[in-house]
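To start, the structure itself, in structure tokens.
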Amino acid sequence: MAEVGLKKWVITITVITASLLELIDTTIVNVSMPQIQGNLGATLEDVAWVTTGYGVANVIILPMSGWLGSRFGRKNYFLTSIILFTIASFLCGNAKTLDELIAFRILQGLAGGGLISTAQAILLETWPREEVGIATALFGLGAVVGPTVGPTIGGYITDHFSWPWIFYVNIPVGIIAAYCTYTFVRITPKDGKDKPIDWWGIGLLAVAVGSLQTVLEKGESEDWFATGYITILSVSAVVGLLLFIWREQSTDHPIVNFKIMRHRSFSVGMITSFILGFGLYGSVFIFPIFCQQLLGFSAQQTGEILFPGGLFTIVMMPFVGIMLKNKVPAQFMAAGGMLLFFLFSHMLSKSTLASGTSDFFWPLAIRGLGMSLLFVPLTTLAIQDLKGPELGQGTGLNNMMRQLGGSFGIAALTTFIHIRQSFHRNVLIENISNYNPAFTERFNQMVHNFMSKGYSNLDAQNVALKAMNGNVIKQSLLLTYTDTYWVVGFVLLCSIPLLFLQKFNKNVTMPVDAH
């Protein structure tokens with residue numbers, strides 16, 4: 001039964017705020033890594049586990065969130081997740097060693113995984129069926145804007161305070177969200193309370209998804225299969241996934257109900273959600289590195305450049321919900337979002353080493369518009385046929401696929417950047433030859449310039465060669481990022497036909513939970 005009046009809006013703001021906390025925390029730590037490393041006396045490779053541990057724990061709990069909400073009651077599970085997340089945030093900020101911080105981040109990730117999908121399911125219950133597109137649009141604000149503004153907030157807090165405060169800021173917000181949840185969210189039945197627990201399913205899910213997420217996050221830095229534990233985890237991910245699917249198909253009380261895959265729209269929606277994660281997290285990953293490595297921007301400057309694009313998403317989201325309510329086909333809006341994302345990638349591929357902040361405003365604004373047209377329609381299409389307990393399962397799996405898509409995107413793009421950078425450097429270095437007139441002319445000009453500043457002829461030649469090598473590195477990186485933007489754009493562009501494999505219904509609404 002839907003809520004009305006002020007209570008509906010209090011619940012809406014509460015669940016969006018709680019999920020926003022979790023989503024911001026996926027990226028807020030990234031810009032604080034050097035400070036955490038120095039403060040705790042850790043290597044960069046070790047401190048990276050602060051992010052990896054959170055991501056692994058998060059993606060393990062996501063597909064289980066529907067089952068946990070059903071077993072313990074959705075309100076109880078959501079409230080417990082908020083409280084644990086808030087406590088874990090305090091413990092992270094108060095950590096004295098790296099091991100403590102990683103352990104508390106894992107706890108934070110486990111609690112956070114229960115926030116996203118449960119918040120979405122509560123929101124769908126709170127709003128009337130005919131307005132569920134608006135509800136999904138409001139939820140999408142956090143899902144899309146959170147990872148985008150995370151680096152901005154993290155950079156500002158780290159520069160003006162200290163890294164523990166990126167965790168402490170969660171505490172007052174978490175307390176308010178817990179109070180509002182306890183006071184306003186309706187209690188739901190504990191459907192699975194007396195049913196047996198599928199411990200084998202839980203164990204196999206943790207092994208399969210945890211191994212896969214770790215491989216995706218650490219594979220590139222560990223040189224993939226050249227490292228023993230990456231190979232072992234890859235095998236355990238494949239074997240664990242096959243055994244998990246077999247187990248869930250053969251038990252009467254599965255942790256994840258794969259029977260919902262019978263809905264074609266949901267099955268295709270799992271793929272489109274994966275692609276959405278690829279585009280969302282992949283583009284947020286590429287752009288800051290490009291700005292900081294090549295253009296010399298600080299973390300805070302980069303975050304400030306990204307922020308206006310997030311504002312475009314915020315402004316556009318409610319209109320997307322209204323368009324869904326007015327029976328505009330979700331397929332058309334999602335296709336438009338993918339086209340806009342391709343346009344964003346095309347515009348950024350034209351960047352040069354002389355690009356300034358003003359050159360990125362419209363590309364990122366177009367990205368913001370595209371993401372608003374993607375998240376809500378894709379989610380709507382994916383779970384439009386789900387009803388009853390299937391809704392909690394579906395939102396959990398859907399969010400897991402988006403997270404995995406982001407992890408896969410970052411891993412794939414990191415490897416692509418490494419390969420293409422070597423390729424472009426080898427191509428450009430072929431032109432560094434005394435038989436190339438353009439090179440000899442430019443080299444001689446640089447030598448004369450350095451000699452005019454007091455260098456000897458030999459020293460001037462050495463400095464000129466180093467300068468030329470620096471130019472080659474910069475140009476090879478620029479060409480590499482140009483290629484990477486094209487990859488992201490083409491992935492989304494080529495995904496448009498998938499949209500029309502889903503149920504085509506101009507009156508697309510999502511069913512609420514039927515308790």
Rounded at 0.5 Å granularity, tell me how far [atom1] in [X] sits from [atom2] in [Y].
X      : Y      : atom1 : atom2 : value
Ser355 : Phe360 : OG    : CZ    : 4.5 Å
Thr118 : Ile61  : OG1   : CD1   : 9.5 Å
Phe344 : Met371 : CZ    : CE    : 9.5 Å
Ile16  : Ile122 : CD1   : CD1   : 12.0 Å
Leu101 : Phe167 : CG    : CZ    : 5.0 Å
Leu499 : Leu378 : CG    : CG    : 6.0 Å

Taking the side chain as every heavy atom from C-beta outward, state whether [X] and [Y] have any pair of such atoms under 4.5 Å apart.
X      : Y      : value
Phe416 : Thr480 : no
Tyr485 : Phe490 : no
Leu498 : Ile275 : yes
Met333 : Val328 : yes
Met338 : Ser495 : yes
Phe341 : Arg367 : yes
Leu343 : Leu339 : no
Leu348 : Ser351 : yes

Residue pair [X] / [Y]: nearest heavy atoms and the distance that separates them:
X      : Y      : value
Val488 : Gly279 : CG1-CA, 4.4 Å
Leu478 : Phe290 : CD1-CE1, 3.9 Å
Ser19  : Ala119 : CB-CB, 4.1 Å
Ile106 : Ala57  : O-CB, 3.3 Å
Ala18  : Phe78  : CB-CZ, 3.6 Å
Ser265 : Leu381 : CB-O, 3.4 Å

Using the side chain to side chain donor-acceptor pair (under 3.5 Å) definition, which of the options Thr415, Thr484, Asp483 pairs with Arg420?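 Only match with Arg420 under side chain to side chain donor-acceptor pair (under 3.5 Å): Asp483.
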Above 12 or not: heavy atoms from other molecules or residues under 6.0 Å from OH of Tyr229?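 Enclosed.
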Is there a donor-acceptor contact under 3.5 Å from the side chain of [X] to the main chain of [Y]?
X      : Y      : answer
Asn170 : Thr86  : no
Asn326 : Ile322 : yes
Ser372 : Thr313 : no
Arg264 : Leu501 : yes

Would you kindly say whether Thr482 and Ser349 are connected by a side-chain donor-acceptor distance under 3.5 Å? no
Side chain to side chain contact (heavy atoms under 4.5 Å, CB included) between Met323 and Leu373, intermediate numbers included: CA-CA 10 Å; Met323 285 190 286; Leu373 287 170; 4.2 Å; yes
Can Leu110 and Leu84 be said to form a side chain to side chain contact (heavy atoms under 4.5 Å, CB included), step by step? CA-CA 9 Å; Leu110 291 172; Leu84 282 177; over 6 Å; no
Could you give me the CA-CA distance, side-chain angles and deciding distance for Trp486 and Tyr481, then say whether ring pair (Phe, Tyr, Trp, His ring centres under 6.0 Å) is met? CA-CA 9 Å; Trp486 275 114; Tyr481 286 116; over 10 Å; no
What do the steps show when you test Phe104 against Tyr54 for side chain to side chain contact (heavy atoms under 4.5 Å, CB included), and what is the final call? CA-CA 9 Å; Phe104 296 143; Tyr54 181 88; over 6 Å; no
Apply ring pair (Phe, Tyr, Trp, His ring centres under 6.0 Å) to Tyr77 and Phe72, showing your working. CA-CA 6 Å; Tyr77 177 52; Phe72 299 105; 7.4 Å; no
